[in-house]
Asker: 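One structure, as structure tokens, below. Some questions next.
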Amino acid sequence: MFAYIVRRLALMLVTLFGISVIIFVLLRVVPGNIVDILFDAAGFVDQADKANLEKELGLSQPIAVQYMQWIGGLLHGDLGYSYVSEKPALQEILPRIPITARLAGLALLFSASIGIPLGVISAVHQGTRLDYALRVVSLSGLSLPSFWLGLLILMASVSLFGSMPIFNPNPATWTEAFAIYCVPAMAVGFRSAALTMRITRSSMLEILRQDYIRTARAKGASETAVNYHHALKNAILPVITVIGIEAAFLIGGLIVTETVFNIPGVARFLVEALRWRDYPIVQNLVMLIAVVVVVANFTVDMLYAAIDPRIRYTD
Amino acid sequence: MRSVRALAAVVASLLTVSGFALAGEPKQGGILKVYHRDSPASASIHEEATFSVNGPFMAVFNNLVMYKQDVKQNSLESIVPDLAESWAWANGGKTLNFKLRQGVKWHDGKPFTSADVKCTFDMLMGKSEQKFRKNPRKSWYNQVADITPNGDFEVAFNLKRPQPALLALLASGYTPVYPCHVSPGDMRTKPIGTGPFKFVEFKANESIKITRNPDYWKKGLPHLDGIEYTIITNRSTAILAFIAGKFDMTFPTEVSIPLLKDVKTQAPNAVCVVEPVNVSTNIIVNSSSPPFDNLDIRRAMALALDRKAFISIMFQGQADIGGTMLPAPGGLWAMPKEMLESIPGYGPDINANRETARKLMEKAGYGPEKRLAVKIATRNIPIYRDPAVILIDQLKGIYIDGELDVVETANWFSKVARKDYSLGLNLTGNAVDDPDQSFYENYSCGSERNYTNYCNKDIEKLIDQQSQEADAAKRKKLVWEIDKKLQEDVARPIIYHSRAGSCWQPYVKGITIMVNSSYNGYRYEDVWMDK
């Protein structure tokens, strides 16, 4: 097991190196750089000023040199300077991480705490009206885009309560704090909850047909014990996989939700930075997301082993 | 009993009068909350070309002179002193002398002097060691030979030739005086001005905050304690937040006509106005290569335009038809209606225009059997893309099959500069409603925003002639003549001039939306809140 973990960690480093090269090259392949965008806002391109600015920002150097400078800086904890704000990239990125982390964490919590129980209920009551109703809910969760759902929530809060949440880093009341994080988390987590519900349902249905479930019932175990102790424990593995993958894919939903709810997190910041071709921000943020995804995958694998005694990673 | 009633009536009327007086008297205090439409590239007005920068930062600065903030129409007559106490033309209109205000301090406590004026304009003219990263309005000062301070509080602008419009350019919100002792880099991130509000912070994609300058040289001003701009790029979210009362004001001229209806329905007390923004939607034509090097084809295209249809679809009828200069009544330099309608393509009979267009196309060798296929390039933004689609539809009727060529914003100007297009749909914003700004920037031979490289020596002479003309009436006639010729030459056919809405809560007082510029009305020192 130890050797497996070491090998996985080494692979993670190789993966991250590969990702860093891909990010760097792809960013430079995308047409236009920050200087083009800045001059676009000015309505014309002055070639001499453009050349000066490219030199000032280090964009006139060969890509390999730029890459080495970035990686060298990263290893020393220097993420460079934002081209747009001219502030250190770390200073720009750090305060935004907790905001997105809270939102993502709440979205995943919402996804698991709603999706798993409803999936179990749906499976246990297969073919009933309740099952059909829950399946409609899960279908709608998969069909409704989070930006649409977000706008719908905002419109409802304006027309019903005459108010709507605007991001405030220091909420005065619990209601405000709830509105700031929980409501957007529900908007972005609804899709994950629906997916979790569907996977839980199908996994549970498969497990409930197994012989050992029949045996448990024959031995006189209560329905609750059968469903939640015997069945769910075994049905949960694919659900964990889905939640792990969703954690990695959450960033897409967060971008939209942070934009709709005007939450200044990293997801929205990434899109804005991309718009400006603010390389130091984009490449560091994408690397951060890559680290999160790689670590999430690793954690899921470890959880597998911890939950299912049949799974043991060998050398 | 009668005397009691009379007394009550007198008291009531006094209360009413005093109430009115109270309502009309500006109140001090309060933070004006406004949403901002996007995150600007920097805080440096001189380096940017969008009112996303002027909007929040004009209030940090002063100009030498400025347009009176409560007059809707900018003109030479509405220019008032700012950092300059007075001005006078001398030397046959070739020298503009300013007497500067004394005792003015920059927000960091350093004194303002004529040296600041000189170094600001030297930098704008590209004559100083310190350089701007970008200098989009360098051409505004082409006629200024040099700037000579006379002591600490007098300064002279020495011109190569008379240019009465220079004063109009100096009054623009784009022309603040910068401090000599602060680098251009710092002005992008932590601007220092002499204005009514001091810069507090600019968090990209989040907010911009400015606070009352307690030492402002205009005693008693500003009325507000500060202004907070929350950056909300999603327009629906921003409008919903305004309706919910989270903001005192929308970003000026950022409410589209269809959205304005929503605002009025859901927030009926909101004060909303729709005004021209001096931005024209126009066609740029690559006349240096086939097929548009043929004047007949260019003219046919101009004749095919149904401008009213564009305005009806895009603005529910609320936009204006005109030439290069902003149409009346907002614009000061618009051609008279009869003159405008005498230009091919502006006549009211669209069918007759298109019949003429088809004949011109046939003369050029095209017809129902041999249609002309062109790509119509435009930026990947709805306000560009949507009219381009209508244009394609309208050109079908004169044997031109257009195909939309959507260009990412980052590549747009490079593509245009390479002349890598036949037809393009473009938007042109004018900072000042003055022919010198519009003509020199967009139509003068070799100018930076002359995207099509249009160059007509006769027009060039006329542009210089109108620029030197001190008599407003004579200048106007020259401007009409130039504008008419520009349209006849199909230099950059103007489709329409847009209008846009601005809304604020009823307790916000002292807001004036300018009718002939979107760049000059954000000083906000007179704005106050009645709450």
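Chain naming here is simple, since letters A, B, ... match the order of the sequence lines and numbering starts at 1 in each. Please read all numbers here as calculations on a predicted model, not as lab measurements.
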Asker: Quick one: of A/Met164, A/Arg96, A/Lys87, A/Glu92, who has the most non-hydrogen atom pairs under 4.5 Å with chain B?
Answerer: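 Highest number of pairs under 4.5 Å: A/Met164.
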
Asker: Please determine whether the number of non-hydrogen atoms from other residues, nucleotides or ligands lying under 6.0 Å from atom CZ of A/Phe24 exceeds 12.
Answerer: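 Result for CZ/A/Phe24: enclosed.
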
Asker: For chain A, which candidate among B/Ile243, B/Leu240, B/Asn234, B/Thr428 shows the most heavy-atom pairs at distances under 4.5 Å?
Answerer: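 Ranked by heavy-atom pairs under 4.5 Å with chain A, first place is B/Leu240.
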
Asker: Just give me the residue among B/Ala43, B/Ala41, B/Gly185 that pairs up with chain A most often, heavy atom to heavy atom, under 4.5 Å.
Answerer: B/Ala41

Asker: Under 4.5 Å between any side-chain heavy atoms of A/Asp46 and B/Asn135, yes or no?
Answerer: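 Sidechains of B/Asn135 and A/Asp46: no contact.
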
Asker: Give me the contact list for residues 25-39 of chain A versus chain B, heavy atoms only, anything under 4.5 Å, ordered by residue number.
Answerer: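 Within residues 25-39 of chain A, the residues that come under 4.5 Å of chain B (heavy atoms only) are A/Pro31, A/Gly32, A/Asp36, A/Ile37, A/Leu38, A/Phe39.
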
Asker: For B/Phe202, which atoms come within 4.5 Å of any heavy atom of chain A: side chain, backbone, both, or neither?
Answerer: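 Just the backbone, heavy atoms under 4.5 Å.
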
Asker: Working to the nearest 0.5 angstrom, can you tell me the gap between B/Arg133 CZ and A/Lys50 NZ?
Answerer: 14.5 Å

Asker: Using a cut-off of under 4.5 Å for heavy-atom pairs, which of B/Lys203, B/Lys138, B/Lys131, B/Arg379 has the most such pairs with chain A?
Answerer: B/Arg379

Asker: If you take all heavy atoms of B/Ser39 and A/Arg275, which pair is closest and at what distance?
Answerer: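 That would be O-NH2, 4.1 Å.
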
Asker: Relative to chain A, which of B/Glu441, B/Gln266, B/Arg188 shows the most heavy atom pairs under 4.5 Å?
Answerer: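 Looking at each option in turn, the highest pair count goes to B/Arg188.
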
Asker: Examine whether an atom of B/Ser42 lies under 4.5 Å from a heavy atom of chain A, and if so say whether it belongs to the side chain, the backbone or both; otherwise answer neither.
Answerer: neither

Asker: Pick one of side chain, backbone, both or neither for B/Asn411, based on which atoms fall under 4.5 Å of a heavy atom in chain A.
Answerer: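 Only the side chain of B/Asn411 comes within 4.5 Å of chain A.
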
Asker: Yes or no on side chain to side chain contact (heavy atoms under 4.5 Å, CB included) for A/Asp49 and B/Phe132, after CA distance, side-chain angles and deciding distance?
Answerer: CA-CA 9 Å; A/Asp49 285 352; B/Phe132 287 128; over 6 Å; no

Asker: Can you tell me which portion of B/Thr230 sits under 4.5 Å from chain A's heavy atoms? Options are side chain, backbone, both or neither.
Answerer: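 B/Thr230 touches chain A through side-chain heavy atoms alone.
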
Asker: Is there a side-chain contact between B/Ile231 and A/Asn262, using heavy atoms and a 4.5 Å cut-off?
Answerer: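 A side-chain contact is absent here, since even the closest heavy-atom pair is not under 4.5 Å.
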
Asker: Calculate, to the nearest 0.5 Å, the distance between atoms CG and CH2 belonging to B/Asn205 and A/Trp276 respectively.
Answerer: 9.5 Å

Asker: Could you measure the distance from the OG1 atom of B/Thr237 to the CE atom of A/Met155? Nearest 0.5 Å is fine.
Answerer: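 Separation between the atoms: 11.0 Å.
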
Asker: I need the contact set between residues 51-60 of chain A and chain B: heavy-atom distance under 4.5 Å, sorted by residue number.
Answerer: A/Leu53, A/Glu56, A/Leu57

Asker: Would you call B/Lys246 and A/Ser163 a side-chain contact if the rule is heavy atoms closer than 4.5 Å?
Answerer: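 SC-SC contact between B/Lys246 and A/Ser163 confirmed.
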
